[in-house]
Amino acid sequence: MALRCVGPRRSLLSHNALGGLWPRAKAVCSGAAGSEEIEKKLLAFPGGSVDLVKKECGIAVLTISNPERMNAFSGTMMLQLQEQVTQLEGWREGKGLVVRGAAGTFCSGSDLNAVRAISNPEDGVKMCKFMQDTLTRLLRLPLISVALVEGRALGGGAELTTACDFRLMTPGSEIQFVHKHMGLVPGWGGAARLVRIVGSQNALKLLSAAQKVNSSYAEQIGLSDGVVSPEGGTLVQTERWLSSFAGGPAPVVRAVKKVVLSGRELPLSDALVAERDIFGTVWGAPTNLEALARKSKHK
Ligand SMILES: CCC(=O)SCCNC(=O)CCNC(=O)[C@H](O)C(C)(C)COP(=O)(O)OP(=O)(O)OC[C@H]1O[C@@H](n2cnc3c(N)ncnc32)[C@H](O)[C@@H]1OP(=O)(O)O
């Protein structure tokens, strides 16, 4: 049984998926407070949808869908993405997430019609802050996430791939930070995340040349974690690949993501405190006690 969450039910609330760890460690992401004005403007650019299916196995599939515009993000899709991230923050049974585009392509970034209409710097910065907040929350979900890149991931679409823990690409697919060709730089947090994924040298090359990154080059520089072939279904294969990381009891999988996240984002002293707190949630818990009773050997 899959639970489908489609549509524009919206919340202005900001959530902390790590249950209080981040405020103690000084959040880089201050939440969506004060974003009402840009949210109203985004509502004026409708089209497409961001659809979420949560499966009983603990894996969810988030689909960016606006096929007539190569899955470009309309204003309402940005709002829906925020709502779906809120849904996932509240999903206690969740373990894994696949982010993909509809109709065989990933996402062509922001809808250029909306971009043209809010092309003044003030609105641009507000839109960036809104998307940065949503994508930071996406990356911080206590779920192991993978972007399934088919076709093109351009501009904001390329930035979206970096808000997942992993990326898988199909042969012939491309990730391209086209921002420089548009007279821009990434603004949805994609540059900061890209540097952490591929290092500053590679990030500088990809951004300054607006380089097209195919599946083999992406794997070579660590941007992609593998190739999925179309035979057998790309989503099925991606879910199978993800299961090897997101398999097992939800509390343990979620704790694994949380310790890695705190190690990745926090200064060492804060990360050590966070790790102890997270450890305390699994130590002596049912899965740990069962493993002890089994006298597990790890041969
Ligand atoms: C955060 C910063 C950003 O994201 S800035 C936006 C960066 N993205 C872009 O500039 C993408 C521009 N689009 C393209 O380069 C091409 O359309 C790509 C995606 C390569 C597809 O080329 P091709 O396969 O030939 O299809 P096409 O150009 O005929 O496109 C089909 C229809 O989709 C539309 N489309 C595409 N991308 C967008 C977009 N980002 N915003 C709005 N519309 C987009 C095209 O205009 C085209 O529509 P139509 O059929 O002409 O009505």
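Note that the structure is a prediction, hence the values are computed from the model and not measured. For ligands, and for the atoms within them, numbers begin at 1 and follow the listed sequence.
The nearest non-hydrogen atom to atom 5 (S) of ligand 1, considering only Ser74, Ser110, Cys107, Gly109, comes from Ser110. Summarising the contacts of atom 11 (C) of ligand 1 with Ala72, Ser108, Gly190, Gly183, the nearest heavy atom is found in Ser108. Here atom 20 (C) of ligand 1 lies nearest to Arg152 when heavy atoms of Arg152, Met131, Glu159 are compared.
Annotation for Arg196: atom CZ does not count as buried by contact number, only 12 or fewer foreign heavy atoms lying within 6.0 Å.
Scanning both residues, Pro186 and Leu207, for their nearest heavy atoms gives CG-CD2, 3.9 Å. The two residues Glu231 and Gln237 have their closest heavy-atom pair at O-NE2, 2.6 Å. Considering every non-hydrogen atom in both Met77 and Val50, the closest pair reads O-CG2, 3.5 Å. In plain terms, the two heavy atoms of Asp165 and Arg167 that are nearest each other are O-NH2, 3.7 Å. Closest approach of Gly247 and Val253 over heavy atoms only: O-CG2, 3.3 Å.
Protein heavy atom in closest approach to atom 34 (C) of ligand 1: Arg69 CA, 3.7 Å. Given atom 32 (C) of ligand 1, the protein heavy atom at minimum distance is Glu68 O, 3.2 Å. With respect to atom 18 (C) of ligand 1, the closest heavy atom belonging to the protein is Leu154 CD1, 4.3 Å. At the top of the distance list for atom 27 (P) of ligand 1, counting protein heavy atoms only, stands Met70 CG, 5.0 Å.
Within the structure, the closest approach of Asp111 to ligand 1 falls below 4.0 Å when heavy atoms are considered.
Contacts of Val115 with ligand 1, taken as heavy-atom pairs under 4.0 Å, are absent altogether. Only the side chain of Trp188 comes within 4.0 Å of ligand 1, counting heavy atoms alone; its backbone N, CA, C and O stay farther away.
Proximity to Val178 (heavy-atom distance under 4.0 Å) selects the following atoms of ligand 1: 7 (C).
Side-chain contact of Arg100 with Thr63: a donor-acceptor pair under 3.5 Å is present, judged by distance alone.
Among the atoms of Met182, none of the N or O lies under 3.5 angstrom from an N or O of ligand 1. Geometrically, ligand 1 and Leu112 share a nitrogen or oxygen pair separated by less than 3.5 Å. Polar contact with ligand 1: absent for Asn113 (N/O pair, distance under 3.5 Å).
Put simply, the residue from Asp111, Leu42, Ile38, Leu43 that forms a side chain to side chain contact (heavy atoms under 4.5 Å, CB included) with Met78 is Leu42.
Note that atom 8 (N) of ligand 1 has protein non-hydrogen atoms nearby, at separations under 4.0 angstrom. For atom 25 (O) of ligand 1, no protein heavy-atom neighbour is present inside the 4.0 Å cut-off.
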side-chain hydrogen bond (donor to acceptor under 3.5 Å, both in side chains) assessment of Arg137 paired with Thr86: CA-CA 9 Å; Arg137 287 169 56 197; Thr86 303; 2.8 Å; yes
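Glu122 has a carboxylate O that lies under 4.0 Å from a charged side-chain N of Lys126, or vice versa, which qualifies the two as a salt bridge.
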